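One structure below.
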Amino acid sequence: MPATVVVGAQWGDEGKGKIVDLLAQKSDLVCRYQGGPNAGHTIVADGETWKLRQLPSGVVSGTTSVIGAGCVVDPEVFLGEIDMLVERGVDPSCVVLSGNAHLIMPWHVTIDQASERRLGKLQIGTTRRGIGPAYADKASRIGIRVQDVLDAKILRQKIEVALAEKNVWLERVYETEGFELEEIWSHYAGYAERLAPFVGDTSLLVDEALRDGKHVLFEGAQATMLDLDHGTYPFVTSSNPIASGAATGIGIGPTRIDRVLGVAKAYVTRVGEGPFPSEIQDERQTRLRELGGEYGTVTGRERRCGWLDLVALRYAVRVNGITSLAVTKLDVLSDFDELPVCVRYRLPDGSETPHFPAHQSDFHHARPVWETLAGWAEPLTDAASLSDLPAAARKYVEFIAHELEVPIELVGVGAERDRVLA
Ligand code: GDP
Ligand code: IMO
Ligand code: MG
């Protein structure tokens with residue numbers, strides 16, 4: 001099965017980076033199809049920890065790593081991570097960047113921050129990295145793309161057009177300082193020389209790899225419930241992490257995708273604002289956060305923690321066409337006597353549903369219906385195969401597969417690359 005999408009099935013931070021890094025060992029190409037430096041993927045391999053925001057997780061193993069047209073790129077973060085590769089002995093020529101990807105400009109970051117401040121209590125809780133404003137400009141057709149940097153004249157013109165509008169907004173609406181054309185132009189034109197060697201025709205590259213029968217991984221950032229169209233709007237990111245986003249974001253047909261591997265934690269976390277039905281309401285939330293090290297990679301914020309939500313996961317199976325699941329961080333649950341799992345939502349009218357509500361008010365007021373499974377209260381550190389797991393841990397995994405009617409292909413029992421049971 002040469003073309004596999006790896007997609008976050010919850011609200012992000014499921015351990016996609018770790019799973020992609022593992023599968024990259026046997027892949028020819030790893031492609032990021034959306035998002036930007038709002039992602040934070042931590043990978044632990046051979047005792048070394050990698051934290052990636054902009055580059056695909058394939059770089060850790062030196063696998064050819066594509067950043068597709070559907071991504072937004074902060075050149076400073078991109079080049080910073082390229083420098084990190086060099087420092088750590090990875091040849092950065094494995095990275096190929098689409099000329100059609102959009103650039104995050106300094107005003108995007110300023111607007112993201114100012115707009116969150118203005119929203120006050122209604123804020124989204126974004127990563128404040130300029131993601132939403134960059135995608136908004138792309139849709140408004142005043143965005144600046146990677147290929148624009150390669151031509152100083154075009155770049156100047158595009159910055160001039162953008163600033164004519166942005167500076168009015170910044171000064172009059174957000175009451176903050178605007179940007180100087182000449183300053184931004186010379187700063188961004190200065191990136192041309194360093195970016196140029198990485199720019200390539202990524203759609204063609206992936207097409208040719210698939211034609212040659214190579215193994216291609218498509219790596220989603222963020223996750224299903226943060227999808228702009230199918231997530232918990234407005235508490236979402238501004239792109240399409242769901243599996244079909246791989247086709248649009250890379251520039252291949254949807255018929256080229258062979259399988260979709262959903263990545264789900266054995267519990268749930270969420271960073272930022274927005275409804276979260278299975279959020280833990282007692283001291284066990286703090287316990288789970290500490291046990292799982294649930295702090296944001298990008299912002300360092302505390303991740304909100306909840307019990308496994310099968311209603312949201314069932315929805316993820318549907319909207320992504322998930323063909324199998326990787327369940328991560330099962331080891332983190334070892335400390336609990338019993339494990340509540342949300343199997344249905346109770347809606348405001350008193351009815352119960354196994355399906356994710358289509359109407360926002362139903363979702364905002366949904367209450368979890370729990371089924372309590374037995375815990376195992378023993379560490380999973382020595383398990384080398386699924387059969388080594390304590391019976392209750394195996395039952396927990398089987399319960400998920402049974403409820404979702406999807407096979408579970410991988411089970412994560414530790415942060416290290418090899419702590420995955422197949
Ligand atoms: P991503 O954004 O989906 O790539 O996930 P993050 O990297 O933001 O967060 C997942 C965290 O859990 C990282 O610190 C990983 O090293 C860690 N991790 C991944 N899988 C496992 C696992 O099975 N067990 C444990 N204990 N940690 C894991
Ligand atoms: P990875 O790839 C978890 C959340 C933010 C906020 C919302 C919008 O590591 O799973 P944005 O900056 O994208 O406009 O913020 O989305 N968010 C993430 N949460 N993991 C991520 O990425 C996220 N990227 C964005 O916290 O609620
Ligand atoms: Mg993350």
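Counting starts at 1 for both ligands and their atoms, following the listed order. As the structure is a prediction and not an experimental result, all values here were calculated from the model.
Short contacts between ligand 2 and V236, defined as distances under 4.0 Å to a heavy atom of the residue, involve ligand atoms 7 (C), 8 (C). Taking every non-hydrogen atom of T297 and a distance limit under 4.0 Å, the qualifying atoms of ligand 1 come out as 8 (O). Taking every heavy atom of G125 and a limit of under 4.0 angstrom, the matching atoms of ligand 2 come to 5 (C), 6 (C), 26 (O), 27 (O). With ligand atoms numbered from 1 in the order given, ligand 2 contributes 27 (O) to contacts under 4.0 Å with heavy atoms of G272. Set against the non-hydrogen atoms of L226, the atoms of ligand 2 under 4.0 Å away are 4 (C), 16 (O), 17 (N), 18 (C), 19 (N). Counting the atoms of ligand 1 from 1 in the order shown, those under 4.0 Å from a heavy atom of G412 are 23 (O). Of all the atoms in ligand 2, the ones that sit under 4.0 Å from a non-hydrogen atom of W11 are 3 (C), 19 (N). Taking every heavy atom of A221 and a limit of under 4.0 angstrom, the matching atoms of ligand 2 come to 2 (O).
Polar contact check, K16 against ligand 2: a nitrogen or oxygen pair lies under 3.5 Å apart. In terms of polar-atom proximity, A39 is not counted as a contact of ligand 2, lacking any N or O under 3.5 Å from an N or O of the ligand. Remark: ligand 1 and G15 share an N or O pair separated by less than 3.5 Å (distance only, no angle test). Polar contact check, D13 against ligand 2: a nitrogen or oxygen pair lies under 3.5 Å apart. Backbone and side-chain nitrogen or oxygen atoms of T127 are examined, and one is located within less than 3.5 angstrom of a nitrogen or oxygen of ligand 2. Considering backbone and side-chain N/O atoms, R419 never comes within less than 3.5 Å of an N/O atom of ligand 1. The shortest N/O to N/O separation between N38 and ligand 2 falls below 3.5 Å. Residue E273 places no N or O, backbone or side chain, under 3.5 Å from any N or O of ligand 2. Inclusion of H41 in the set of residues having an N or O under 3.5 Å from an N or O of ligand 2 is warranted.
Residue contacts with ligand 2 leave out A223, since none of its heavy atoms falls under 4.0 Å from the ligand. At least one heavy atom of Q222 sits under 4.0 Å from some atom of ligand 2. Under the 4.0 angstrom criterion for non-hydrogen atoms, G293 is not in contact with ligand 1. For K18, the heavy-atom gap to ligand 1 drops under 4.0 angstrom. Residue contacts with ligand 2 include R301, since one of its heavy atoms falls under 4.0 Å from the ligand. Close to ligand 1: R303, with a non-hydrogen atom less than 4.0 angstrom away.
Residue contacts with ligand 1 for D13 involve both N, CA, C or O and side-chain atoms from C-beta outward (heavy atoms, distance under 4.0 Å). Under 4.0 angstrom from ligand 1, the non-hydrogen atoms of K16 come from both its backbone and its side chain. Proximity of Q10 to ligand 1, defined as any heavy-atom pair under 4.0 Å, is not found for any part of the residue. For F235, no heavy-atom contact with ligand 2 is shorter than 4.0 Å. Within the 4.0 Å heavy-atom criterion, both parts of T42, backbone and side chain, lie near ligand 1. Proximity of I43 to ligand 1, defined as any heavy-atom pair under 4.0 Å, is not found for any part of the residue.
Atom CZ of residue R117 and atom OG1 of residue T176 lie 7.0 Å apart, to the nearest 0.5 angstrom. Atom CD1 of I280 is separated from atom OG1 of T286 by 9.0 Å, given to the nearest 0.5 angstrom. Rounding to the nearest 0.5 Å places CG of D335 at 12.5 Å from CD of E378.
Closest to atom 27 (O) of ligand 2, if we only count protein heavy atoms, is V271 O, 3.1 Å. Counting protein heavy atoms only, atom 8 (O) of ligand 1 is closest to G40 O, 2.8 Å. Ranking the protein heavy atoms by distance from atom 13 (O) of ligand 2 puts T237 OG1, 2.6 Å first. Of all protein heavy atoms, the one lying nearest to atom 22 (C) of ligand 1 is G414 O, 3.1 Å. Nearest to atom 4 (O) of ligand 1 among the protein's heavy atoms is G17 N, 2.8 Å.
Taking the six-membered ring where the residue is Trp, F276 and W11 present tilted rings, their angle falling between 30° and 60°. Ring-plane geometry between F363 and Y345 is classed as tilted, the angle between the planes lying from 30 to 60 degrees on a 0 to 90 degree scale.
Metal site remark for the Mg ion (ligand 3): G40 contributes an N, O or S atom at a distance under 2.8 Å.
Counted by atom type alone, D13 and T269 present zero donor-acceptor pairs between their side chains at under 3.5 Å. No hydrogens or angles considered: nothing links the side chains of R259 and T323 as a donor-acceptor pair under 3.5 Å. Side-chain contact annotation: T232 with R270, donor-acceptor N/O pair under 3.5 Å present.
Using a 4.0 Å cut-off between charged side-chain N and carboxylate O, E48 and R417 make no salt bridge. By the 4.0 Å N-to-carboxylate-O rule, R289 lies close enough to E302 to be salt-bridged with it. Look at R194 and D83 and you find a salt bridge, because one of the NZ, NE, NH1 or NH2 atoms lies within 4.0 Å of a carboxylate O, short of that distance. Between K265 and E14 there is no salt bridge, since no side-chain N of the basic residue sits under 4.0 Å from a carboxylate O of the acidic one. Classification of E219 and K16 as a salt-bridged pair fails, no side-chain N sitting under 4.0 Å from a carboxylate O. Taking a cutoff of 4.0 Å between a charged side-chain nitrogen and a carboxylate oxygen, D331 and R419 do not qualify as a salt bridge. Between K166 and D137 there is a salt bridge, with a side-chain nitrogen of the basic residue lying less than 4.0 Å from a carboxylate oxygen of the acidic one.
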